[in-house]
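Just so we're on the same page: letters track the sequence lines, and every chain starts at 1. These numbers come from a predicted model, not from an experiment.
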2 protein chains.
Amino acid sequence: MNRVLVVDDEPQIVRALVINLKARKYEVDAAADGATALRLAAARHPDVIVLDLGLPDMDGVEVIKGLRGWTRVPILVLSARQTSDEKVEALDAGADDYVTKPFGMDELLARLRAAVRRAEPAGQPDDSVVVETDAFTVDLAAKKAHRDGRDVRLTPTEWHLLEVLVRNAGRLVSQKQLLQEVWGPSYGTESNYLRVYMAQLRRKLEADPSHPRHFVTEPGMGYRFER
Amino acid sequence: MNRVLVVDDEPQIVRALVINLKARKYEVDAAADGATALRLAAARHPDVIVLDLGLPDMDGVEVIKGLRGWTRVPILVLSARQTSDEKVEALDAGADDYVTKPFGMDELLARLRAAVRRAEPAGQPDDSVVVETDAFTVDLAAKKAHRDGRDVRLTPTEWHLLEVLVRNAGRLVSQKQLLQEVWGPSYGTESNYLRVYMAQLRRKLEADPSHPRHFVTEPGMGYRFER
DNA sequence: CGCCGTCTTGACGCGCCTTTGACACCCGGC
DNA sequence: GCCGGGTGTCAAAGGCGCGTCAAGACGGCG
């Protein structure tokens, strides 16, 4: 099931979109301004964002840039402005598509499907989403972690952190990058969050949490997941 | 340089597109019918396809399906038909974007850039910058150093220094430049720092630290990394 | 409205990294 | 042969980042 973030300050537009999307089995979050949009994008990690450019608190293009600083999630811009310049600016800022109001719901949904479809990973053989270590296994797609034959329960934040680390297996991930990918673009220095949650992951997944072998600290730089 | 395949049966449209695209340093191929389009797509492997739906020999949607059978290359549909049904059909067949004629060249080019951009390989993953010497290997992206089959742990300052030297491999780097790049612009004369940390790097990476072969001192000037 | 799980925040001790000073060494010039 | 600038080496001190714990704030759900 795909998650959509709808950003628009006109309630009736939001309502129409939410109804249509939910009817098609999307999970929907909604935001009425740019700040909320950025926060929700970070917190909920939608598969696609529908973004109205005319927001009360900030320029829509700034929202696009704010998102593009840390994510490649498809952004479908919705706007009443029809001029070519607006479109070019939004697209070059990182938007994936641009639909002018009034729009046909069928077309919007088709463009949404197209955006989601091409964002899906190219089905490459043998890049399994299941990662195994000698102590535990993680299935990113199924959102399941296993250890000693038992399921391990992880909170959303723990999952998110784990996911970023596992996707970069073997590579160092800087503290700043972790913070921005998990907590959102406005974070970057709150390294105490990382310490708390790395401890959680280690406690839940490492065989010997006080001597981690898979979640390695690189002092002063970041963390690394080693298979 | 990106390669574009333009598919349209109207010569003046093709001409306009080709001129504009070539002026922006794209390599351009052109096809006037669906069969030629499919052949050229296979032969030339364009980075993006601009496809008119109204072709003389076959339905545009069939061309899309024919392409999608074997490639995920971005397809930007160009069409005179404005109905919602047409758009939905084309998008669901696998098109990435749909622009109706008459179209603004600026907008089309922006949409083209967006299509090419998102098709680019996702960010960093697996683009490792590995430097090898006979004694050790350094992976700048993963922040990993290897020697005698074992990982070598480096502190942040050591990494930073190593990075500057490796990025300037073979070239002399002045003491002042090293100090300013690693310790900040307000440093420039604290050459004792360099001596301490160069010793660290040599001890951790050189086969014979007292006779360095890769981290060479140029007395009175600076240091040089030799592969 | 109250409960429960999750996230945030602060405090504390420890260990490692950085900084700093002292000293030996090499090499050219006097 | 002596001297001095630049360099390599070592070790101690200080500070900062990390792991850990726990309490409080927050938010979703019944």
(message) Would you call the rings of A:Y193 and A:W183 parallel, tilted or perpendicular, taking 30° and 60° as the class edges?
(response)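 Tilted, since the angle between the ring planes falls between 30° and 60°.
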
(request) Can you label the angle between the B:F136 ring and the B:F215 ring as parallel, tilted or perpendicular, going by 30° and 60°? (result)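 Rings of B:F136 and B:F215: parallel, under 30°.
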
From [options], pick the nucleotide closest to the side chain of [X]?
X      : options               : value
B:R195 : D:dC18, C:dC17, D:dG8 : D:dG8
B:T217 : C:dT19, C:dT8, D:dT7  : D:dT7
A:T155 : C:dT8, C:dC7, C:dT19  : C:dC7
B:T157 : C:dC7, D:dT20, C:dT18 : C:dT18
B:V196 : D:dG8, D:dC21, D:dC10 : D:dC10

Can you tell whether the side chains of [X] and [Y] come within less than 4.0 Å, N to carboxylate O?
X      : Y      : value
A:R227 : A:E132 : no
B:K144 : A:E226 : yes
A:E181 : A:R167 : yes
A:R171 : B:D139 : no
A:E163 : A:K143 : yes

(message) Within the 3.5 Å criterion, strictly below it, is a donor on A:R203 or A:Q200 matched to an acceptor on the partner's side chain?
(response) yes

(request) Please determine, by modelled atom types, if A:D208 and A:S210 share a side-chain donor-acceptor pair under 3.5 angstrom. (result)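 Side chains of A:D208 and A:S210: pair found under 3.5 Å.
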
Between [N] ([atom2]) and [X] ([atom1]): distance, integer Å:
X      : N      : atom1 : atom2 : answer
B:E206 : D:dG8  : CD    : C1'   : 14 Å
A:Q200 : D:dT20 : CD    : P     : 11 Å
B:R203 : D:dA11 : CZ    : C1'   : 12 Å
A:L40  : D:dG27 : CG    : C1'   : 13 Å
A:E218 : C:dC17 : CD    : C1'   : 14 Å
A:W159 : C:dT6  : CH2   : C1'   : 17 Å
A:R202 : D:dC21 : CZ    : P     : 13 Å
A:H211 : D:dG19 : NE2   : P     : 13 Å

(request) Would you indicate whether the side-chain heavy atoms of A:F225 and A:V131 approach each other to under 4.5 Å? (result)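 Yes, side chains in contact.
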
(message) Under 4.0 Å, heavy atom to any atom of DNA chain D: which of residues 220-227 of chain A qualify?
(response)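 When residues 220-227 of chain A is checked for heavy atoms under 4.0 Å from DNA chain D, the hits, listed by number, are A:G220, A:Y223.
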
(message) Expected output is a numbered-order residue list: members of residues 160-194 of chain B with a heavy atom under 4.0 Å from any atom of DNA chain C. What is it?
(response)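 Nucleic-acid contacts, sorted: B:W183, B:Y193.
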
(message) Test your reading of the model: is there a side-chain donor-acceptor pair from B:R68 to the backbone of B:V73, 3.5 Å cut-off?
(response)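 Pair found, side chain donor or acceptor close to backbone of B:V73.
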
(message) Taking side chain to side chain contact (heavy atoms under 4.5 Å, CB included) as the criterion, tell me which of B:V50, B:L91, B:L51, B:V48 meets it with B:I75.
(response) B:L51

(message) Under 4.0 Å, heavy atoms only, any strand: does A:R153 hit a base, just the sugar-phosphate, or nothing?
(response) sugar-phosphate

(request) Determine to 10° how strongly the helix from C:dC1-D:dG30 to C:dC30-D:dG1 is bent, judged from the axes of its five-pair ends. (result) 30°

